[in-house]
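Every chain is numbered from 1, with letters handed out A, B, ... down the list of sequences. All figures in this text were calculated on a predicted structure; none of them were measured in a lab.
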2 protein chains.
Amino acid sequence: MQSDQLIKKAGLSLTESRKLILDIFISSPAALSHHDIENLMPEGFDRVTVYRTLQTFVQKGIIHQVPTTDNTTLYALCKEECQSGHHHDNHVHFICTSCQTTNCLEEVTVPLVRLPKGFELKKAAMVIEGICDTCNN
Amino acid sequence: MQSDQLIKKAGLSLTESRKLILDIFISSPAALSHHDIENLMPEGFDRVTVYRTLQTFVQKGIIHQVPTTDNTTLYALCKEECQSGHHHDNHVHFICTSCQTTNCLEEVTVPLVRLPKGFELKKAAMVIEGICDTCNN
DNA sequence: GTAACTGCAAAATATTTGCATCCTT
DNA sequence: AAGGATGCAAATATTTTGCAGTTAC
């Protein structure tokens with residue numbers, strides 16, 4: 001889907017900044033940090049707008065935060081199912097230790113686990129570290 | 001194991017700060033952030049030492065970083081197997097959305113997943129959000 | 001026209017670095 | 001005694017907030 005439609009569908013007003021940032025996500029195969037975005041935006045673009053836009057996108061279910069082992073926050077596009085209210089985050093995030101990118105493996109679903117008595121599961125995410133298919137050639 | 005022994009076993013010199021910080025981890029059931037530690041340390045304790053100590057502990061395999069969905073970094077004690085060189089991080093991290101604590105479910109191991117062709121797995125972690133047994137009463 | 005979004009300035013917070021001093025071994 | 005660890009000061013980086021001007025609808 002195009003950025004324009006995605007933004008409108010989320011009930012947000014269509015602005016230049018939002019289009020720019022969303023286009024970056026659409027054209028990036030890997031998860032991105034705030035820092036990455038900032039670097040990909042036009043020279044001199046305001047940092048604060050990036051913060052606010054990412055926050056808005058997360059709230060509206062356009063992007064989601066990817067769990068990481070270190071202290072960085074990564075964001076990635078949500079797939080179709082996400083936008084419609086509830087957030088299906090049940091896929092696997094893959095961190096390549098060779099090229100340092102983080103990707104969502106949409107095709108791999110998080111397996112169910114049996115939790116100890118008394119624990120109630122709401123959402124599960126998985127982070128796998130390893131070598132990605134591109135680096136493995 | 002006592003903090004003294006753990007520190008020595010890791011080949012680190014035994015200092016007051018390290019003992020204090022490690023004791024906090026030993027007596028805490030949940031994962032802790034840098035901020036948490038700072039609050040639990042004696043009034044006026046130097047922030048920088050906390051940074052450096054946490055870093056050292058991670059390097060030496062005494063504690064490990066817990067993956068989180070937001071941008072916080074949490075640390076938790078490594079169990080026995082961790083200290084002996086290679087790091088077994090293959091357990092499930094449970095975030096309770098009610099009491100906001102993060103615990104390691106040592107007894108639950110991360111299930112194996114089948115990755116797409118070309119991907120090579122090194123390490124897998126899992127983050128589950130839900131309600132913990134304490135809150136579920 | 002109005003509400004929402006942006007940019008700038010600045011505050012607040014978090015993290016890193018350098019260096020002199022102190023402590024562990 | 002020697003090397004590493006700490007504390008302090010300060011530099012750097014990150015994130016948040018307020019407000020005035022601008023833009024989308």
Nearest-neighbour nucleotide for the B:His35 side chain, D:dT6, C:dA14, C:dT6 considered: C:dA14

Return the polar atom pairs (N/O with N/O) between nucleotides 18-25 of chain C and the protein under 3.5 Å, or none.
| residue | atom | partner | partner atom | Å |
| --- | --- | --- | --- | --- |
| C:dT25 | OP1 | B:Leu14 | N | 3.1 |

Length of the line joining A:Phe57:CZ and C:dC5:P, which is rounded to integer Å: 11 Å

Verdict with reasoning, B:Phe45 to B:Glu38, per side-chain contact (heavy atoms from CB on, under 4.5 Å): CA-CA 8 Å; B:Phe45 191 87; B:Glu38 225 179 295; over 6 Å; no

Full working for side-chain contact (heavy atoms from CB on, under 4.5 Å) between A:Leu32 and A:Leu74: CA-CA 5 Å; A:Leu32 301 164; A:Leu74 293 178; 5.8 Å; no

Gap between atoms CD1 and C1', on B:Ile37 and C:dT15 respectively (whole Å): 16 Å

Atom-pair distance (NE2 on B:His34; C1' on C:dT13), nearest Å: 11 Å

Heavy-atom closest contact (B:Asn103 atom, B:Ala30 atom, distance): OD1-CA, 3.3 Å

Interatomic distance where CG belongs to B:Leu54 and C1' belongs to C:dT16 [whole Å]: 14 Å

B:Tyr75 and B:Phe25 aromatic ring geometry - parallel, tilted or perpendicular at 30°/60° bounds: perpendicular

End axis versus end axis in the helix from C:dG1-D:dC25 to C:dT25-D:dA1, the angle rounded to 10°, five pairs used at each terminus: 40°

side-chain contact (heavy atoms from CB on, under 4.5 Å) between A:Leu77 and A:His64, intermediate numbers included: CA-CA 6 Å; A:Leu77 259 193; A:His64 64 270; over 6 Å; no

Connected-component partners of A:Val127 among ILVMFWY, side-chain separation under 4.5 Å: A:Ile95

Separation of atom OH in A:Tyr51 from atom C1' in C:dA11, rounded to whole Å: 14 Å

Whole-Å gap separating C1' (C:dT15) and CD (B:Gln65): 14 Å

N/O (side chain, A:Arg47) to phosphate O (OP1/OP2, D:dT15) under 4.0 Å: no

d(CG, A:Asp46; P, D:dC19) in whole Å: 17 Å

Whether A:Ser98 side chain and A:Cys135 backbone form a donor-acceptor pair below 3.5 Å: no

Full working for side-chain contact (heavy atoms from CB on, under 4.5 Å) between B:Leu105 and B:His93: CA-CA 6 Å; B:Leu105 301 181; B:His93 301 273; over 6 Å; no

Rounded distance in Å - CD (A:Gln55) to P (C:dC5): 12 Å

Closest to the B:Thr49 side chain, choosing from C:dT15, C:dG7, D:dG7: D:dG7

Parallel, tilted or perpendicular: ring planes of A:Phe94 versus B:Phe119, cut at 30 and 60 degrees: perpendicular

